[in-house]
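Indexing begins at 1, ligand by ligand and atom by atom, following the structure's order.
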Amino acid sequence: MNSVAVRPGEPLHGTIKVSGATKNSGLKQLAAALLAPGVTRVRNLPKVQDLEVMIAVLEAIGAKVEWTAPDELRLDTSGTLEPEAPYELVTQMRASINVLGPLLARCGEARVALPGGDNIGNRKLDMHFNGLNAMGAELEVSHGFVNARCNALNGARIVLEFPSVGATENLLTAAVLAKGETVIENAAREPEITDLAAFLNRMGAHVLGAGTSTITVEGVDELSSTDTEIMGDRIEAGTLLFACGIAGGEILLEGVQFENLEIVAMKLGEMGMRVSKAPEGIWAAAPERLRAVDIQTLPYPGFATDFMPMAVALLATCSGTAIVTENVFDNRFSFVDELLRMGADITTDSRHSVVRGQEGLSAAPVRALDVRAGAALLLAGLRADGETIVHDWHHVDRGYPDLPGALATLGANINRC
Ligand code: UD1
């Protein structure tokens with residue numbers, strides 16, 4: 001069952017509860033739980049492939065993990081930790097690098113395999129390493145591992161060259177146990193950072209300014225474990241909004257904050273869709289066909305790079321031509337070749353795409369190259385004549401608990417095969 005088949009059908013219709021943001025928020029909080037010995041219960045944490053990898057990383061480090069309900073996990077970090085994240089696991093999932101800051105802070109040392117590249121471009125770690133170095137850690141990269149150690153972490157003023165999500169998270173989770181004050185300037189402002197900081201503060205940390213460009217952390221001597229509930233997944237919510245833009249219809253998304261998707265709502269509004277805040281979450285309605293608008297990706301609160309593939313799929317079916325500019329990753333347009341197989345009219349280089357909208361696309365067998373690219377192809381299939389089969393679906397299952405199921409709930413003609 002590593003493929004998904006989709007046929008165009010009726011416009012989407014209905015109400016759905018958006019999943020917890022396991023990949024972009026839950027994994028980070030699981031890593032942060034290593035900071036304090038004790039038991040953490042994590043709720044609203046649906047299973048995705050990347051969670052399996054993070055659980056294996058945590059178990060390799062010495063934590064005990066147990067499912068207590070379908071979306072609820074119990075993590076026990078009371079025992080002695082072995083501060084090493086093994087190669088076979090880290091190379092499967094980049095977010096494993098998030099254990100570096102917490103391990104260094106709790107154990108005074110960490111050995112983490114380097115994640116390597118992936119399908120969306122070079123993803124360096126220099127800002128993670130430079131920041132930890134500024135806090136007094138010694139880091140050495142050899143034989144594919146980063147070996148880090150410190151006698152004590154000290155507060156520092158760190159200016160990030162780019163508001164990297166991962167670097168902000170790693171530095172934040174190291175700073176909470178450092179001596180004195182750490183200031184992270186040009187910090188990432190993503191809602192997942194705010195979610196993480198709220199969890200750290202409930203553990204006893206003193207974090208101020210999460211969600212703004214300047215995060216200030218006053219280090220404490222120790223933290224205590226506590227429970228957490230993961231925020232609704234804004235990327236899944238956005239994916240469903242783009243699906244509605246492609247297929248038409250009217251949907252209500254529950255369990256997600258409208259404020260986290262304001263730019264998406266604004267862009268979809270410019271395209272002719274209606275997207276509004278509802279008491280339960282987000283309401284949206286789309287006519288048959290939308291108009292093209294230009295899009296550029298930026299760190300939050302800009303248009304998230306993770307929405308870009310879905311936006312390109314939508315623009316491929318809109319009236320008019322749009323220019324899409326990718327400013328976060330340097331090689332995120334490789335999925336366009338798969339859309340071309342479906343009859344899309346797109347010209348692209350490494351950072352830009354010119355998308356000329358077509359009335360409809362042509363169903364074809366295609367391949368998911370990464371999590372969001374695969375989702376985008378499935379969405380394109382909602383407006384392609386015949387049956388589109390998206391192969392290599394495991395990439396999509398890395399980040400979505402069940403995207404085909406969610407779309408089917410809204411009436412889409414989709415099944416796994
Ligand atoms: C996270 C998200 C990913 C999202 C991305 C940007 C998770 C699991 N992943 O990835 O879904 O697309 O944020 O919103 O939450 N960079 C450096 N040096 C560094 C760190 C980053 O040059 O030390 C560069 C990267 O190569 C990239 C850019 O900064 O070009 C953004 O990366 P970053 O924000 O760190 O993304 P991730 O945290 O890896």
Nitrogen or oxygen of R372 less than 3.5 angstrom from that of ligand 1: no

Contact partition for I235 relative to ligand 1, non-hydrogen atoms under 4.0 Å: neither

Proximity to ligand 1 by part of V165, non-hydrogen separation under 4.0 Å: both

Mutual orientation of the aromatic rings belonging to F307 and F242 [parallel < 30°, tilted 30-60°, perpendicular > 60°]: tilted

Residues T212 and R189: side-chain donor-acceptor under 3.5 angstrom: no

Proximity of R94 to ligand 1 by residue part, where a heavy atom lies under 4.0 Å: side chain

Ligand-residue contact atoms, ligand 1 with K23, heavy atoms, under 4.0 Å: 8 (C), 9 (N), 11 (O)

Element-labelled atoms of ligand 1 that are located less than 4.0 Å from some non-hydrogen atom of V328: 27 (C), 28 (C), 30 (O), 31 (C)

Any N/O pair A167/ligand 1 closer than 3.5 Å: no

Short side-chain donor-acceptor distance under 3.5 Å, R332 and T305: yes

Heavy-atom check, side chain of P365 versus side chain of H391, under 4.5 Å: yes

Interfacing atoms of ligand 1 (cut-off 4.0 Å, heavy-atom, G166): 35 (O), 38 (O)

Test salt bridge (charged side-chain N to carboxylate O under 4.0 Å, His left out) applied to D345 and R356, step by step: CA-CA 5 Å; D345 185 352; R356 296 171 207 86; 2.8 Å; yes

Part of N24 within contact of ligand 1 (heavy atoms, under 4.0 Å): both

Distance-only side-chain donor-acceptor flag, T239 / Y400, under 3.5 Å: yes

For K28, atoms of ligand 1 separated by under 4.0 Å from a heavy atom: 7 (C), 8 (C), 15 (O)

G405 backbone acceptor or donor facing T409 side chain under 3.5 Å: yes

Backbone or side-chain N or O of T305 under 3.5 Å from ligand 1 N or O: no

Polar contact flag, side-chain donor to acceptor under 3.5 angstrom, S353-T348: yes

Backbone or side-chain N or O of M127 under 3.5 Å from ligand 1 N or O: yes

